Amino acid sequence: VDGWTASWTKSIGRYLVGELAESNFLEVATQGATASLGQRHCEALYFAGVVHLLNDDPTGARALFEQCVGTNRW
């Protein structure tokens, strides 16, 4: 991840390997080009949900997945 060019994809990678806290990751998803903000927000919620599942937190995961679906960007 360190060698990747700064981008939304790098932010996802940094979050998944634990270099970026969830709150910071969700905040980064709201920054940048307006046209892609909704899609990035949905993706951030999805990936955060996956991490909650991996951390044996199905309740937290469900809440994040429901928020992702609620964006209507999936």
Side-chain angles (χ1 to χ4, degrees):
V1 175
D2 290 336
W4 296 1
T5 303
S7 65
W8 171 237
T9 304
K10 182 172 184 169
S11 296
I12 294 170
R14 289 185 61 224
Y15 172 66
L16 292 176
V17 300
E19 292 180 5
L20 192 60
E22 182 176 300
S23 59
N24 296 105
F25 177 59
L26 294 174
E27 183 179 329
V28 168
T30 66
Q31 301 169 353
T34 305
S36 60
L37 287 180
Q39 182 64 34
R40 280 199 312 252
H41 185 230
C42 180
E43 290 173 354
L45 292 165
Y46 171 80
F47 283 114
V50 169
V51 169
H52 278 260
L53 280 179
L54 293 171
N55 289 326
D56 199 28
D57 177 19
T59 303
R62 171 177 282 229
L64 290 160
F65 290 145
E66 287 174 351
Q67 289 178 57
C68 176
V69 170
T71 67
N72 292 316
R73 297 294 182 132
W74 41 274

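Quick caveat: nothing in here was measured; it's all calculated off a predicted structure.
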Same cluster for Phe47 and Val17 if Ile/Leu/Val/Met/Phe/Trp/Tyr side chains link at under 4.5 Å?
no
Value for CG (Leu16) from CD1 (Ile12), rounded to nearest 0.5 Å, stands at 7.5 Å
What residue pairs, at least two apart or across chains, pass side chain to side chain donor-acceptor pair (under 3.5 Å) with a residue in residues 52-63?
Glu22-His52, His52-Asp57
Measure across Leu53 and Phe65 and return the closest heavy-atom pair with its distance rounded to 0.1 Å.
CD1-CE1, 3.7 Å
Are Leu64 and Val69 connected in the hydrophobic side-chain network, where two residues link if heavy atoms are under 4.5 Å apart?
no
Of all the heavy-atom pairs spanning Ala61 and Gly49, show the shortest one and how long it is.
CB-O, 3.3 Å
For the atom pair OH (Tyr46) and OG1 (Thr71), what is the distance rounded to the nearest 0.5 Å?
13.5 Å
Tightest non-hydrogen contact, residues Tyr15 and Leu20, listed as CD1-O, 3.2 Å
Distance (rounded to the nearest 0.5 Å) between Arg40 CZ and Thr30 OG1:
8.0 Å
Side chain to side chain donor-acceptor pair (under 3.5 Å) contacts in which one or both residues fall within residues 3-12, not counting sequence neighbours:
Trp8-Glu43
